[in-house]
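When a ligand or atom number is given, it counts from 1 through the structure's own listing order. Throughout, residue positions are numbered sequentially from 1 according to the sequence presented. Values in this document were obtained by computation on a predicted structure and should not be read as measured data.
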Amino acid sequence: MELSRYHPNNLKRISEGMINIHPIQRGGILTEEAKKILLSWADGYSVCDVCLEGRVDLIKNPPINQLKQDVAEFLGMDTARFTAGARHAKFVIMSAFKGGTLVLDSLAHYTSYIAAELNDMKIYEVPNSGYPDFRINPEGYAQTFERVKEETGRYPDIALLTHVDYRYGNLADAEKVGRICEEYEIPLVLNTAYTSGLMEINGKKLKASFIVGSGHKSWAATAPIGILATNYELADRAFQTSKVRGEWSGRAFTKKELSMFGCSPVYGLPVITLMASFPKVVERVKHWDEEVEKARWFVREMEKIEGLQLIGERPKNHTLMHFESPAFHSIAKSHKKKGYFLYHELKKRGVFGVQAGMTKNFKVNTYGLSWEELEKVANAFKDIAEKYGVEVED
Ligand SMILES: Cc1ncc(COP(=O)(O)O)c(C=O)c1O
């Protein structure tokens, strides 16, 4: 075993000191407040200093019990739990509808499909409009509900909408889908992995029965942490308590919630960083419009590069974006670094986050970059294009 590879000196992060535009990382960057408390809460069971009830979500010091209620209120829901990522939150919901039928958008993340598969659910997809904008038409939900009824004799048990998808960063019309679900009386799961924590979300207004969030993606928290918020009607179904009794010992655990593995799937730094960042997160969602404005400016600058084109909806309503770049792709064909040239050229210019090997298509996220940083990133792409003889508009 070569243990020296784990020496702190060898654990320097590759992106350190660079402008990070990684598509999944921008909303999870810690606030200064969270960074300040890292060391004092870094030990394994740190949050369990004063655990009187045997459940992390009920701990009062640090105020996790209060945070859970504040997070629910912030999302316009009645109650919430912290989960092991958005994926676990979806698994918890699907397990409450085990063996049933799910309708989801065809841009949903693989973890939505896996959560349903693990729970023996039948899956139906709402189609998208295809290349180049890949939009989800809310009416597609009603049509798919009818299709399910025709094929199975009954309407689906639950529906899921990916508020902003991970492939194109399209913002779906959650309000319209929510209204349709309400008409059909089908509970809606709104996956806000890329929206709650960045923009204002009110589950009641959107008629969502469940809101799923991702702390490490969008709430300035250390991974892994997700959020599952719901209303009082469905809370008992999602957070059932244990009924088991040891046949010999007679032991019972009636306070333990099954889907939270009895106590909690997440504690320590993920919970504490989410807590420390929460006041900033509550504040930052009010400034989402400026983030969209910056994203749109960035698209305009990038599209000055010959052939480079935004894929997904226009205008952009989110900071996660997907570009098609035939010019970079043709450079890669004859470059000695092949598809890796773009990644290396960006790194040389202090920009990190475009997936190594990608040139034909690539994704970036501009959330939280200052105007100055944004300009530096756009200039880096333009500079690389010009270096290889690709035309760039003034
Ligand atoms: C739309 C969407 N939902 C859920 C997830 C998974 O989130 P988590 O890592 O919190 O489980 C991702 C991850 O990329 C995602 O893009």
Side-chain angles (χ1 to χ4, degrees), residues 20-30 71 75 80-95 102 104-119 123 125-126 128 134-136 158-174 177 188-199 201 206 208 210-229 259-261 264-271 273-274 277 281 311-313 317-322 353-355 358 361-365 367:
N20 189 345
I21 53 169
H22 197 293
I24 65 174
Q25 292 186 3
R26 290 299 315 168
I29 292 174
L30 294 189
V71 163
L75 295 172
R81 295 289 184 279
F82 300 114
T83 60
R87 63 196 71 209
H88 174 227
K90 287 183 279 188
F91 172 76
V92 169
I93 299 164
M94 299 308 157
S95 63
L102 166 72
L104 49 55
D105 57 285
S106 49
L107 298 177
H109 194 245
Y110 73 88
T111 54
S112 301
Y113 292 82
I114 300 277
E117 189 177 355
L118 267 168
N119 286 293
I123 299 171
E125 286 184 326
V126 177
N128 66 66
F134 301 94
R135 282 178 202 265
I136 297 290
I158 190 158
L160 180 146
L161 174 67
T162 314
H163 200 194
V164 160
D165 74 277
Y166 71 106
R167 294 169 73 185
Y168 309 105
N170 283 356
L171 179 68
D173 190 339
V177 174
L188 172 65
V189 181
L190 186 63
N191 177 9
T192 67
Y194 277 110
T195 53
S196 61
L198 305 180
M199 57 192 273
I201 299 289
L206 298 174
F210 296 98
I211 297 275
V212 168
S214 178
H216 46 268
K217 213 188 271 319
S218 301
W219 295 62
T222 296
I225 185 164
I227 292 142
L228 169 48
S259 57
M260 297 297 120
F261 307 134
S264 172
V266 61
Y267 23 83
L269 281 184
V271 175
T273 50
L274 191 136
S277 289
V281 165
I311 303 298
E313 68 177 354
N317 291 307
H318 196 268
T319 55
L320 172 68
M321 49 192 95
H322 179 139
V354 166
Q355 194 180 326
M358 300 298 275
N361 296 73
F362 60 87
K363 295 194 294 183
V364 305
N365 194 335
Y367 183 77

Just by distance, no angles: are the side chains of Glu125 and Tyr113 close enough, under 3.5 Å, to form a donor-acceptor pair?
yes

Would you say His322 and Phe362 make side-chain contact, with heavy atoms under 4.5 Å?
no

Asn128 and Ser106: side chain donor to acceptor below 3.5 Å
yes

Please tell me if the side chains of Met199 and Leu171 come closer than 4.5 Å, counting only heavy atoms from C-beta onward.
yes

At a heavy-atom distance under 4.0 Å, which protein residues reach ligand 1? Sort them by chain and number, would you?
Gly85, Ala86, Arg87, Lys90, His109, Thr111, Thr162, Tyr166, Asn191, Ala193, Tyr194, Ser214, His216, Lys217

Parallel, tilted or perpendicular: which describes the rings of Tyr168 and Phe134, with under 30° parallel and over 60° perpendicular?
parallel

Examine the side chains of Trp219 and Ser277 and answer whether a donor and an acceptor come within less than 3.5 Å of each other.
no

